[in-house]
Participant: 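I'd like to ask some things about the structure below.
Letters A, B, ... mirror the listed sequences (proteins, then strands); counts begin at 1.
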Number of protein chains: 2
Amino acid sequence: MSFTTSEENYIKGIFHLQQETGLVNTNSLAAEMQTRPASVTDMLKKLKSKKLLQYEKYKGFKLNEAGKKAALDVIRKHRLWEFFLVEKLKFDWDKVHPIAEELEHISSEELVQRLDNFLGNPSFDPHGDPIPDKNGKIPVIKQQSLSEIPFKKNVTVSSVGNQTAQMLDMLKHYNIAIGTQLTVLKKFEFDGSLEIKVSKQNACIISEQVAKNVFVHDVQ
Amino acid sequence: MSFTTSEENYIKGIFHLQQETGLVNTNSLAAEMQTRPASVTDMLKKLKSKKLLQYEKYKGFKLNEAGKKAALDVIRKHRLWEFFLVEKLKFDWDKVHPIAEELEHISSEELVQRLDNFLGNPSFDPHGDPIPDKNGKIPVIKQQSLSEIPFKKNVTVSSVGNQTAQMLDMLKHYNIAIGTQLTVLKKFEFDGSLEIKVSKQNACIISEQVAKNVFVHDVQ
DNA sequence: TTATATTTTTAGATTTATCTAAATTATATT
DNA sequence: AATATAATTTAGATAAATCTAAAAATATAA
Ligand SMILES: [Mn+2]
Ligand SMILES: [Mn+2]
Ligand SMILES: [Mn+2]
Ligand SMILES: [Mn+2]
């Protein structure tokens with residue numbers, strides 16, 4: 001089965017929302033897709049007729065197994081292309097998302113497989129998100145939010161929750177990227193902000209909001 | 001100015017036809033694009049309104065300077081991606097065209113520039129066709145059809161006229177690729193076929209039709 | 001529990017790209 | 001030059017993806 005660019009974007013949007021809420025509803029998908037609820041309803045009919053969705057009018061919807069597999073295919077392509085853009089073309093990691101948003105719709109399966117091999121079959125994209133394999137299997141990693149880490153413990157940044165350009169731009173200023181090692185020194189109870197030390201730089205302070213969106217794992 | 005995928009494909013089609021005939025007419029473009037003359041007329045109106053064409057009803061049409069620049073941009077992207085697919089992903093050169101036909105429409109200008117640098121700013125694609133630079137400048141190379149080469153002269157294959165999968169598949173069987181060195185031994189007057197010797201292989205015979213579509217230049 | 005607000009769907013319009021069939025214009029042949 | 005043929009355009013239809021406005025269903029609050 002093959003899908004249009006629009007179908008693929010919707011499938012991916014539903015997948016992301018149902019990760020969090022189980023059932024997805026029309027308005028939240030409309031917000032996610034930056035479109036109108038009426039357009040969502042149109043697309044839901046289409047995806048249901050292609051047997052990718054469980055959907056009852058007014059009751060919400062979610063992808064079935066075929067739909068989830070379709071979503072994981074697109075996510076795999078998106079993250080592989082992001083990896084290519086950062087590792088091979090030396091893009092900054094906060095610039096690649098919109099380009100991967102286009103590249104993920106290139107249809108050749110052989111292209112994806114060869115790209116995967118060319119890149120050395122990476123497990124995580126430049127934002128630390130896992131890259132599904134060709135069967136849709138996702139690697140897992142134990143990680144915690146930076147806001148939950150004990151003081152003085154050495155940890156490695158593994159991914160970022162909020163991936164807006166604004167957030168990524170901010171992290172660049174702190175010199176924080178995937179793989180960066182750091183330690184939490186102190187928590188300010190006043191606003192929940194953290195004093196942290198990033199590798200060889202001077203200690204600095206990040207807001208609670210940033211801390212909650214930075215995920216880390218133990219240093220190997 | 002940005003263009004839809006369909007607009008870009010038409011622009012490229014017109015460019016290729018006007019290289020040969022100067023003025024292009026509706027039916028030949030319809031044949032080239034595998035569509036209907038009526039669809040061509042619709043698109044001509046659109047491209048004219050975007051000021052890419054000189055077009056008088058019933059009198060034929062051709063791209064103006066803006067149109068030619070737009071065409072060269074797409075051709076540049078197409079050929080850079082083909083180079084990437086063959087050189088980096090190790091695709092056979094007769095498999096890359098349809099994939100590049102999609103990749104050429106990815107819009108990021110920075111992507112193209114970085115890809116160009118990553119590939120080492122190549123001048124020719126895997127079929128021997130020149131890759132325009134970002135200003136639309138095309139490298140030139142003196143080349144002749146294999147059917148015009150004197151006997152026993154050592155030459156290097158520089159490009160292929162007919163780039164259908166059928167032709168490229170045939171050349172693969174003869175072990176002929178861009179960069180292959182060969183010599184013409186004899187011409188059979190009966191059907192115009194040529195006996196040639198490809199590097200260290202046994203001599204073999206190619207039809208006149210193949211010979212006319214293989215272009216070569218002097219060995220450096 | 002009834003009234004009000006929110007969510008979702010339907011109905012119908014718009015835009016883009018395409019098509020077929022018919023009309024128009026240009027070219028070739030007698 | 002008149003007629004036949006070929007090329008091109010127009011008119012109108014279809015399909016996909018979107019939209020707005022209104023109707024219908026559901027959820028919430030007085
Ligand atoms: Mn996308
Ligand atoms: Mn990512
Ligand atoms: Mn194309
Ligand atoms: Mn080529």
Participant: If you only use heavy atoms from C-beta on, which nucleotide in dT18(C), dT8(D), dT9(C) is closest to the side chain of Asn27(B)?
Facilitator: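 Shortest atom-to-atom distance from the side chain points to dT8(D).
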Participant: What is the nucleic acid contact for Asn25(A), judged by heavy atoms within less than 4.0 Å: base, sugar-phosphate only, or nothing?
Facilitator: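 Sugar-phosphate, backbone atoms only, no base.
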Participant: Can you tell me how far C1' of dT16(C) sits from CD of Glu7(B), to the nearest Å?
Facilitator: 10 Å
Participant: How many Å lie between OH on Tyr58(A) and P on dA24(D), as a whole number?
Facilitator: 9 Å
Participant: CG of Asn162(B) to CD of Gln209(B): how many Å apart, nearest 0.5 Å?
Facilitator: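 Between Asn162(B) CG and Gln209(B) CD, I get 7.5 Å after rounding to 0.5 Å.
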Participant: Please confirm whether the ring centroid of Phe3(A) lies under 6.0 Å from the ring centroid of Tyr10(A).
Facilitator: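 Phe3(A) vs Tyr10(A): aromatic centres not under 6.0 Å.
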Participant: To the nearest angstrom, how far is Arg36(B) atom CZ from dT20(C) atom P?
Facilitator: 5 Å
Participant: For dT25(C), which nucleotide in any strand shown is its Watson-Crick or wobble partner with both distances under 3.5 Å?
Facilitator: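 Looking at the geometry, dT25(C) pairs with dA6(D).
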Participant: Measure the distance from CG on Asn9(B) to P on dA17(C) and round it to the nearest whole Å.
Facilitator: 11 Å
Participant: Quick one: is Thr35(B) getting a side-chain N or O under 4.0 Å of the dT18(C) phosphate, OP1 or OP2?
Facilitator: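 The answer is no; no side-chain N or O of Thr35(B) sits under 4.0 Å from OP1 or OP2.
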Participant: Quick check for you: to the nearest 0.5 Å, what is the distance between Ile14(A) atom CD1 and Leu44(A) atom CG?
Facilitator: 6.0 Å
Participant: For DNA chain D, determine which residues of residues 46-57 of chain B have any heavy atom closer than 4.0 angstrom to one of its atoms, and list them numerically.
Facilitator: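 Per residue number, the list reads Tyr55(B), Lys57(B).
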Participant: Is Ser6(B) close enough to dT18(C) that one of its side-chain N or O atoms is under 4.0 Å from OP1 or OP2 there?
Facilitator: yes
Participant: Surrounding CE of Met170(B) (heavy atoms of other residues, nucleotides or ligands, distance under 6.0 Å), is the total greater than 12?
Facilitator: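 No, the 6.0 Å shell around CE holds no more than 12 heavy atoms from other groups.
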Participant: What's the closest nucleotide to the Ala38(B) side chain, out of dA21(C), dT8(C), dT18(D)?
Facilitator: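 Looking only at heavy atoms from C-beta outward on Ala38(B), the closest nucleotide is dA21(C).
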Participant: Among all residues two or more places apart in sequence or in another chain, which pass the salt bridge (Lys or Arg N to Asp or Glu O under 4.0 Å) test with Asp92(A)?
Facilitator: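 Expected list: Lys172(A).
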Participant: Mind calculating the distance between NZ (Lys45(A)) and P (dA11(C)) to the nearest angstrom?
Facilitator: 8 Å
Participant: Working to the nearest 0.5 angstrom, can you tell me the gap between Lys68(B) NZ and Leu52(B) CG?
Facilitator: 12.5 Å
Participant: Go through dT20(C), dA25(D), dT18(D) for me and flag the one nearest to the Tyr10(A) side chain.
Facilitator: dT18(D)
Participant: Is the distance between the ring centroids of His78(B) and His97(B) under 6.0 Å?
Facilitator: yes
Participant: Heavy atoms only, 4.0 Å cut-off, all strands: where does Ser39(B) land among base, sugar-phosphate and nothing?
Facilitator: base
Participant: Of all the choices, dT8(D), dT18(C), dT10(C), which nucleotide is nearest to the side chain of Thr41(A) once you look at every atom?
Facilitator: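 Of dT8(D), dT18(C), dT10(C), dT10(C) is nearest to the side chain of Thr41(A).
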Participant: Tell which nucleotide pairs with dA30(D), taking only Watson-Crick or G-U wobble pairs whose two distances are both under 3.5 angstrom.
Facilitator: dT1(C)
Participant: To the nearest angstrom, how far is Asp42(A) atom CG from dA13(C) atom C1'?
Facilitator: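 Atom CG in Asp42(A) sits about 12 Å away from atom C1' in dA13(C).
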Participant: Is the phosphate of dT9(D), meaning OP1 or OP2, less than 4.0 Å from a side-chain N or O of Thr26(B)?
Facilitator: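 So the side-chain polar atoms of Thr26(B) do come within 4.0 Å of the phosphate oxygens OP1 or OP2 of dT9(D), strictly under.
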Participant: Starting from C1' on dA25(D), measure out to NZ on Lys59(A) and report it in whole angstrom.
Facilitator: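 Going from Lys59(A) (NZ) to dA25(D) (C1'), I get 10 Å.
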Participant: Hydrogens and angles aside, do His217(B) and Gln143(B) bring a side-chain donor and acceptor to less than 3.5 Å of each other?
Facilitator: no
Participant: What's the CE-P distance between Met43(B) and dT10(D), to the nearest Å?
Facilitator: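 About 16 Å, once rounded to whole Å.
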